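None of the values given here were measured: they were computed from a predicted structure.
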Amino acid sequence: MKTEEKSNGLRGLFAGFVLLFVVACFGLFSCNKDDDTKSGRMTLKMTDAPALYSQVNVDIVGAEIYRQNHGWVALHINQGVYNLLELQNNATVVLASGEQIPTGRISQLRLILGNGNTLMTLDGTVHSMKVPSGSQSGLKVNIDQDIHANDYIEVVLDFDANASVVVEGNGSYSLKPVIKVVSVNYLE
């Protein structure tokens, strides 16, 4: 009789573990499934600190966010050439407004630059600027924010023109962007 009681007890204990495992798995997978079907919104802005040039123009052709475990997601942005020096003293330009983004952990944002990047020195001379890998891999910035359904975040980037312009040994200029996140605000 004792052997039968032990056997029934072990079966009950095993059944309890199986039930606990199934409930835990259901909870994990149902949360992930919700993340794929819901979305939040994002506004992306850009600003600049002072620089020693007349113009520093960057050609922004794309922006993407990296959602952990799902890869890069393209944002619909206002493409164009932006003079960073017009974005000083708390002035910003809106690159994307109210863009639908998937929920989940957003770890990075990257800007993709085109070929229309120029610099105007204080004497009025315009120079083209090459951007190493700006059009291929993009300029990556860490965001590390969790986006839940119906969240609305505003991300403000500081594209530091003065620190980003490099004078090469031959007198030409290149753009090695220095970008940081100034703020991430939840709006609603």
Checklist entry - For Glu99 and His76, what are the C-alpha separation, side-chain angles and deciding distance, and is it a side-chain contact (heavy atoms from CB on, under 4.5 Å)? => result CA-CA 7 Å; Glu99 181 73 15; His76 296 88; 2.9 Å; yes
Checklist entry - Does Ser128 reach the side chain of Asn117, with side-chain heavy atoms less than 4.5 Å apart? => result no
Item to check | ILVMFWY cluster, Val131 and Ile179 together (side-chain gap under 4.5 Å) | outcome: yes
Item to check | Ring-face cation contact, Trp72 with Arg110, 6.0 Å cut, 45° max | outcome: yes
Checklist entry - Taking side chain as C-beta onward, heavy atoms only, is Phe159 less than 4.5 Å from Val178? => result no
Next on the checklist: Please find the pair of heavy atoms, one from Met120 and one from Val126, that lie closest to each other, and give the distance.
Outcome noted: CE-CG2, 3.8 Å
Checklist outcome for this item: Nearest heavy-atom contact between Pro177 and Leu113 is CG-CD1, 4.3 Å
Checklist entry - Mind checking whether Val166 and Leu175 have side chains closer than 4.5 Å, heavy atoms only? => result no
Next on the checklist: Does this structure show an ion pair linking Lys45 with Glu154, if we count only N-O contacts that are shorter than 4.0 Å?
Outcome noted: yes
Checklist entry - Within the distance-only criterion (no hydrogens, no angle test), does the side chain of Asp158 pair as donor or acceptor with the backbone N or O of Val182 below 3.5 angstrom? => result no
Next on the checklist: Do Leu109 and Met42 make a side-chain contact, defined as non-hydrogen atoms from C-beta onward lying under 4.5 Å apart?
Outcome noted: yes
Checklist outcome for this item: Minimal heavy-atom distance between Asn162 and Leu52, with the atoms involved, is OD1-N, 3.5 Å
Item to check | Contact summary for Leu85 and Ala161, nearest pair of heavy atoms | outcome: CD2-CB, 4.2 Å
Checklist entry - Are Val94 and Ile112 connected in a single hydrophobic cluster, I mean Ile/Leu/Val/Met/Phe/Trp/Tyr linked by side-chain heavy atoms less than 4.5 Å apart? => result no
Checklist entry - For the residue pair Pro102 and Ile106, what are the closest heavy atoms and their distance? => result O-CD1, 4.2 Å
Checklist entry - Does the pair Ile65 and Ile101 meet the rule for a side-chain contact (heavy atoms from CB on, under 4.5 Å), with working shown? => result CA-CA 9 Å; Ile65 56 172; Ile101 58 172; 3.7 Å; yes
Checklist entry - Hey, mind stepping through Asp144 and Ser107 against side-chain hydrogen bond (donor to acceptor under 3.5 Å, both in side chains) and telling me if it holds? => result CA-CA 4 Å; Asp144 295 320; Ser107 59; 5.0 Å; no
Checklist entry - If you group Ile, Leu, Val, Met, Phe, Trp and Tyr by side-chain heavy-atom gaps below 4.5 Å, do Ile77 and Val156 land in one group? => result no
Checklist entry - Are any of the side-chain heavy atoms of Leu95 and Ile60 separated by less than 4.5 Å? => result yes
Item to check | Side-chain donor/acceptor of Ser54 to backbone N/O of Thr121, under 3.5 Å | outcome: yes
Item to check | Side chain to side chain, Tyr152 and Thr43, heavy atoms closer than 4.5 Å | outcome: yes
Item to check | Parallel, tilted or perpendicular, as decided by the 30° and 60° cut-offs, for the rings of His127 and Tyr173 | outcome: tilted
Item to check | Exercise: identify the closest heavy-atom pair between Tyr186 and Ile147 | outcome: OH-CD1, 4.4 Å
Item to check | Side-chain donor/acceptor of Gln79 to backbone N/O of Val61, under 3.5 Å | outcome: yes
Item to check | Trace of the side-chain contact (heavy atoms from CB on, under 4.5 Å) decision for Val181 with Asn142 | outcome: CA-CA 8 Å; Val181 175; Asn142 292 331; over 6 Å; no
Checklist entry - With no hydrogens and no angle check, do the side chains of Glu168 and Asn170 hold a donor and an acceptor under 3.5 Å apart? => result no
Checklist entry - Would you say Leu44 and Leu157 make side-chain contact, with heavy atoms under 4.5 Å? => result yes
Checklist entry - Does the side chain of Leu119 come within less than 4.5 Å of Val165's, by heavy atoms? => result yes
